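Just passing along the structure, written as structure tokens.
Model, not experiment: these values are computed from the prediction. Just so it is clear, the values below take in all heavy atoms, side chains as well, and ignore hydrogens, waters and symmetry mates.
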Amino acid sequence: MFKTLVPFILLALLSCGGNTAVDDDPDNGSIPQDSIIEYDIDEDRVSAVEFNNELTLMQEDMLRMMETLFTSDTGEVDINYENAVFEAQINLDELKEKEFDGSEKEYIAKMKKLMNFYLDELNNGFRDILPLLRKADLNEAELKQLEEYDRNFVAKEKELFMEVFAAQDAFAEKNNISLQEQ
């Protein structure tokens with residue numbers, strides 16, 4: 001019986017032993033094995049990242065909402081239209097309440113400008129093409145009108161996106177955060 005226990009005890013001692021290659025002497029710069037490494041987290045930077053992410057998601061959601069509206073089937077146009085108007089208004093209301101540390105003012109102003117564009121277009125120019133989107137078959141003139149509206153809408157939207165991106169870059173620089181394209 002002792003012969004069978006010796007290998008087991010030897011194996012247990014070897015598997016429980018520490019790694020002798022790591023030096024636990026803090027004076028020579030090594031990290032003791034039983035230490036917890038702590039990192040200081042810059043709460044301001046974390047908050048700036050969270051703030052930026054909220055605004056970015058708001059912009060992406062609104063873009064997705066508009067894309068859904070423009071590509072709606074004839075039976076879904078009205079509900080997607082109402083959803084887009086609602087989303088733009090909710091975003092504007094949320095932007096009125098948003099604040100950070102003062103470095104966000106231009107970023108929020110450009111986001112408000114973008115959301116106001118969506119709301120204004122939905123309540124004005126888009127109403128002219130809404131009947132076209134409800135139709136199953138469009139004639140040549142209606143298709144041309146729809147394409148013209150889409151071209152103008154996208155051009156203005158792109159211009160506003162560039163303004164938002166510039167304000168976002170300035171916000172990121174002021175708050176020492178980096179932005180990544182997805």
Side-chain angles (χ1 to χ4, degrees), residues 43-182:
E43 294 297 328
D44 292 335
R45 279 183 72 193
V46 170
S47 296
V49 168
E50 290 171 349
F51 182 87
N52 179 68
N53 289 347
E54 288 176 21
L55 267 59
T56 300
L57 285 174
M58 180 183 290
Q59 183 179 5
E60 288 173 356
D61 289 347
M62 192 66 215
L63 181 62
R64 210 172 2 265
M65 187 78 58
M66 295 304 295
E67 184 178 325
T68 299
L69 176 59
F70 275 96
T71 59
S72 296
D73 290 333
T74 57
E76 297 175 336
V77 169
D78 290 325
I79 190 69
N80 290 337
Y81 171 76
E82 290 174 22
N83 288 342
V85 170
F86 181 76
E87 184 77 17
Q89 188 59 58
I90 289 293
N91 288 343
L92 277 171
D93 291 344
E94 284 183 22
L95 287 168
K96 290 176 186 172
E97 304 296 320
K98 290 245 183 254
E99 55 184 51
F100 186 65
D101 66 357
S103 64
E104 81 288 357
K105 291 190 186 308
E106 186 68 16
Y107 190 9
I108 288 178
K110 296 302 180 181
M111 283 293 290
K112 284 180 181 177
K113 187 175 177 183
L114 177 63
M115 293 305 148
N116 276 315
F117 162 73
Y118 286 130
L119 200 55
D120 290 344
E121 276 301 314
L122 290 167
N123 288 324
N124 296 307
F126 195 83
R127 286 189 183 270
D128 294 339
I129 65 156
L130 202 51
L132 299 178
L133 295 175
R134 290 183 187 126
K135 291 176 73 173
D137 293 317
L138 300 173
N139 63 38
E140 188 89 20
E142 292 168 331
L143 282 172
K144 190 173 182 176
Q145 180 184 359
L146 198 55
E147 288 173 13
E148 180 70 22
Y149 179 82
D150 187 44
R151 195 172 22 260
N152 291 333
F153 182 92
V154 168
K156 181 64 177 173
E157 183 183 47
K158 181 180 178 183
E159 179 184 312
L160 293 170
F161 265 54
M162 298 311 287
E163 290 179 22
V164 169
F165 293 150
Q168 182 184 33
D169 287 343
F171 173 80
E173 187 176 322
K174 289 177 187 172
N175 288 283
N176 196 26
I177 61 175
S178 62
L179 303 174
Q180 296 177 337
E181 287 190 33
Q182 293 181 1

Restricting to side chain to side chain donor-acceptor pair (under 3.5 Å), what partner residues turn up for D61, sequence neighbours left out? R64
Residues at least two apart in sequence or cross-chain that pass side-chain contact (heavy atoms from CB on, under 4.5 Å) with Q89, listed by chain then number, are L92, D93, L119
Could you tell me which residues satisfy ring-ring contact (aromatic ring centres under 6.0 Å, His included) with F161, sequence neighbours excluded, listed by chain and number? F165
Within-4.5 Å side-chain heavy-atom neighbours: M66 and F153: yes
Check this for me: does any side-chain nitrogen of one of K98 and E54 sit under 4.0 Å from a carboxylate oxygen of the other? yes
Minimum side-chain heavy-atom gap T56-Q168 below 4.5 Å: yes
Pairing residues for Y107 by the ring-ring contact (aromatic ring centres under 6.0 Å, His included) criterion, not counting sequence neighbours: F171
Going by the rule side-chain contact (heavy atoms from CB on, under 4.5 Å), which residues pair with N139 if we only count those two or more places apart in sequence or in a different chain? A141, E142
By side-chain contact (heavy atoms from CB on, under 4.5 Å), E94 pairs with (sequence neighbours left out) M58, I90
For T68, check side chain to side chain donor-acceptor pair (under 3.5 Å) against everything at least two apart and list the hits. none
Please identify each residue that fulfils side chain to side chain donor-acceptor pair (under 3.5 Å) with E148, with sequence neighbours left out. R151, N152
Return the set of residues passing salt bridge (charged side-chain N to carboxylate O under 4.0 Å, His left out) with K105 (not counting sequence neighbours), or none when no residue passes. none
Residues that E163 engages under side chain to side chain donor-acceptor pair (under 3.5 Å), provided they are two or more places apart: K110, K113
Of all residues at least two apart in sequence or in a different chain, which pass the side-chain contact (heavy atoms from CB on, under 4.5 Å) check with K144? none
What side-chain donor-acceptor pairs closer than 3.5 Å can you find for residues 77-85, not counting sequence neighbours?
| from | atom 1 | to | atom 2 | distance (Å) |
| --- | --- | --- | --- | --- |
| D78 | OD1 | R134 | NE | 2.8 |
| D78 | OD1 | R134 | NH2 | 2.8 |
| D78 | OD2 | R134 | NE | 3.4 |
| N80 | ND2 | S72 | OG | 2.7 |
| N80 | ND2 | E76 | O | 3.2 |
| Y81 | OH | L122 | O | 2.7 |
| Y81 | OH | R127 | NH2 | 3.4 |
| N83 | ND2 | I79 | O | 3.3 |

